[in-house]
Structure formats: structure tokens, C-alpha cells
Protein chains: 2
Amino acid sequence: MTATAADQPGTRSQRARAHALGVASRLFYENGVRAVGMEQIVDASGIAKTTIYRHFPTKDALIEAFLEKEDREFWSQWDAVVAPAASPIARIDALCDWIGDRVRRDNYRGCPQLNVAAEFADAGHPARRVARRHKDEMHRRLSDLCRQAGVDDATIVAMQIALLFDGAFASDGRLKPFDAGALLRSAVHRLLQPPA
Amino acid sequence: MTATAADQPGTRSQRARAHALGVASRLFYENGVRAVGMEQIVDASGIAKTTIYRHFPTKDALIEAFLEKEDREFWSQWDAVVAPAASPIARIDALCDWIGDRVRRDNYRGCPQLNVAAEFADAGHPARRVARRHKDEMHRRLSDLCRQAGVDDATIVAMQIALLFDGAFASDGRLKPFDAGALLRSAVHRLLQPPA
DNA sequence: TGACAACGATACCGATCGGTGTCATTTCGT
DNA sequence: ACGAAATGACACCGATCGGTATCGTTGTCA
């Protein structure tokens, strides 16, 4: 028995919403949000257009929900990656390896938050706001890690690491010839060192 | 006398092509390529749709030409930034300041190559190929600079710096509270140091 | 078992998409 | 001054866009 849409948790309404959002998220990530039409989501999910619009008032709202879902899943994985590590440095190393693996996957298409930000010019767009919050949260967490690692100017170093990570997210397969995890770890270690 | 479309160099045909491409490039960069319709380019440029399609067979070709234009202008500025600097380190510092300034501009909307790559899923898309070549060229130039600076593993360090730069390009205004040039310079200096 | 809520299906809306055909006008080289 | 070439204006194409209205069906809970 493959686990299809049936006997998932929640009411039927919640299941329909979750399934529609799940399929939409996959299509959005794989193809870009602007390239995916609502009709396509209907066909791929089997959820009627009427039902989708009952749960999400506009396509923009669906995109926003997509980014919020990605945000939750990202931090959930982040927490899982960080948990087993004993020291702040070990936590950062684990994050580097995690990102390195992720970025080299075959169907990796970049950070959804950055991709959507690239697609919408208006910085006030609800999806852009989600993306902005996501990146602010990343900087906040990295700042904490830097402080725990005894770094003086944690805010600045955290931003430098954040830029490095975002660059890796946007690397578009260029990291495939490298040991991406090791490359990121060595870079971060140098950034954490006090200046010579 | 403001310099309008008239008395620019080249034949009338070349002028029409250049003007259409210029206006299209501005609109593409400001709004994202998928958000801009051909009709909009016609209205903003005053060039007839027929004429545009005589110079660019498809919208995709126009987007490709846009990225090639951005590529040429980018390296032209890069060369101008690097030229006056005496040492390899000074050249890299100058690049950091240049990128730092660029990234903090009010209407800065990220790297056009990365933005377009985010909009098209197909890695074989002609525009994606231009973007890929652009980023490869960046890595090549940074590798040369690293070697000139006496770095051992220049290929790896150059990639680390490239990631940092791409992260800055994608920073979406988050570098505004910082001295972006100084932040990039300090990061690059640490990356250029041999490991402790 | 009955009533209400949410579902799916379908047809439809005006607007816009990328792209083409036609044809009169304008530029430009000789 | 003339002919070739490229221009601009405009009408038009089928397809698709995001979104809505209608209505019969299905699940759910009292």
C-alpha cells in the first residue's frame, strides 16, 4: 500500500489544503512560481480549482504559504542537524556539511526564498516579506553561534557566513566538482579566526 | 539638449536594435524577465513589435542578449575597477568596495545572471548558459587574482570568494546597515590567509 | 437518517501572453 | 533622384493567465 492522499491526519478539508499546498510547492520550486499556472496545480494535485481558491484567496497567498512551509521545514532540518553536535564549532561544521550535500543534489534548484525574491520586484510583496524574515532569522541564528564560539564581532562575522551560505545556495551546480562541505567548512573556519 | 535616440552611432537599424535592447534590459532587470511582456517593451521604447522581432527571433533570444549585454558591461566595469590598483590584494580590495557600493544602491535588484537563472528551470536554456559562462569567468578571474596573491589552493579559495560575492549580490538590501565594502574586504582577507 | 459543509467538475470571464501578417512610410546608399 | 531595405502602425492569432459562478456529489457529525 503506497500512502496516497487518503488516511492522512486531519479533516478532509485539512487534507485537501495540505495536499494542494504540497503539490504546488513542488511545482513552484521545480519550475519557478511564475512559470506554474493554477491550472497546472489543479491537474497535478487532483484538487479542484474551486477548493484551492477556498483555502488560498489568491495565487500570491499560495506562494506565500509555499515559502512559509519551506521556512518551517528548513529550520526543522537545521535544528536536527545542529542537535547532535557538542560544540558551537561542531554545530557550524555540521551545517556546512548539510548545506554542502543539499547544494550538490541533482534536482537542487537553489534557495526557494531567494528564487521567489528574484521573481518579484516589489519588496513589499507578502512572499518577499517571508523571504526577508527567513534571511533575518538565518543571520540571528548564525550570530548566536558566533557568539557561542567566542567571536568578538559576531554580527559582522555572522553576516559574512550568511553571504557564503547564500552564495552556495545560488551556486547552481558549480560546487559539484568540489567537496562542497569541506570548502564551506574551511571558509567558515577562516572567517571565525581573529584577523592576523 | 538631452541625448535621445537620435544621433547615436551606427545605422538606423543598429540604433533601433540597441535602443530596444537597452529599454528591454532596464525593464527586465527592474521587474524580472517573466514579468515583462513584449508589448510593454514596445510601449516603453517606441520601437515597433515587428522591428523588435526582426532583430530578436524570440523573447528568449532577447533575454539572452540582455544577459550578454550585462555580462559585457560587468567585466568592463570590473576591468576599470581593477586597473588602477597596484597589487593583487589591492585589486581584490577594490573589487570588494565596488561590489559593496553596488549592492547597497537603492534600486539594486541583485545579479541579473542569478535572477534569470532563478526564473528558468531548464539549465539548457540559452540565457542559463550565458549565466553559467558568466559565473565561470568570475571564478577564472578570481583564481588568477588568488594565484597572483600567492595563494596555494587558488581554485578553492577563488570559489569561496565567488560564493561570498554571489551572496552579496543576493543580499537584497540586508547589507545596508553594514559597511559592505569593509565587510567583504575583511572576509576576503581572512579567506586569503593560510589556515592557522 | 438527515442536514450542513466541503468537496469535485465544468463552463466561463476579461486580460494578457508571445508571435505573425499586412501595408504604408521613412531612411539610406548609389 | 531612385530603388532597396528597414522602419512604424495596427489588426489579429490561438493559448494561457488568474479568478469566479454554478451545481451536483460526497463526507461528516449529531
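Every chain is numbered from 1, with letters handed out A, B, ... down the list of sequences.
Residue pairs satisfying the side chain to side chain donor-acceptor pair (under 3.5 Å) criterion with at least one member in residues 173-182 of chain A, sequence neighbours excluded, are listed as follows: A:Asp106-A:Lys176, A:Arg174-B:Asp166.
Note on A:Arg141 versus A:Asp144: no salt bridge recorded, every NZ/NE/NH1/NH2 to OD/OE distance being 4.0 Å or above. The pair A:Asp101-A:Arg105 does not meet the salt-bridge criterion, since no charged nitrogen lies less than 4.0 angstrom from a carboxylate oxygen. Salt-bridge annotation for B:Arg72 and B:Glu68: absent, with no side-chain N of the basic residue lying under 4.0 Å from a carboxylate O of the acidic one. Salt bridge absent: B:Arg133 and B:Glu137 never bring a charged side-chain N and a carboxylate O closer than 4.0 Å.
Listed in residue order, the members of residues 26-33 of chain A having a heavy atom less than 4.0 Å from DNA chain C come to none.
Between the CE atom of A:Met159 and the SG atom of A:Cys146 there is a distance of 11.0 Å, given to the nearest 0.5 Å.
No side-chain donor from either of B:Asp79 and B:Trp75 sits under 3.5 Å from a side-chain acceptor of the other.
With hydrophobic clusters built from ILVMFWY side chains whose heavy atoms lie under 4.5 angstrom apart, A:Leu142 does not share a cluster with B:Leu183. Neither A:Val33 nor B:Val36 shares a network with the other; the hydrophobic side chains, linked directly or stepwise wherever heavy atoms of I, L, V, M, F, W or Y lie under 4.5 Å apart, form separate groups for each.
Distances shorter than 4.0 Å separate none of the side-chain N or O atoms of B:His55 from OP1 or OP2 on D:dA6. Contact annotation: A:Arg54 side-chain N/O to C:dC7 OP1/OP2 distance is under 4.0 Å. Regarding contacts with the backbone of C:dC28, a side-chain N or O of B:Arg15 is found under 4.0 angstrom from either OP1 or OP2.
For A:Arg185, the salt bridge (Lys or Arg N to Asp or Glu O under 4.0 Å) partners are A:Asp97, not counting sequence neighbours. Under the salt bridge (Lys or Arg N to Asp or Glu O under 4.0 Å) criterion, B:Arg128 pairs with A:Asp172, sequence neighbours left out.
Recorded end-axis angle for the helix from C:dT1-D:dA30 to C:dT30-D:dA1 stands at 30°, based on five pairs per end and rounded to 10 degrees.
Whole-Å rounding puts the A:Leu62 CG to D:dG18 C1' distance at 12 Å. Spacing between atom CG of B:Asp43 and atom P of D:dC10 amounts to 12 Å, rounded to whole angstrom units.
For B:Thr50 against D:dA6, no side-chain N or O and base N or O form a donor-acceptor pair under 3.5 Å.
Distances from the side chain of B:Tyr53 to the nucleotides D:dG8, C:dG8, C:dG18 place C:dG18 closest.
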Please enumerate all protein N or O atoms sitting under 3.5 Å from an N or O of nucleotides 11-17 of chain D, with distances to 0.1 Å.
none

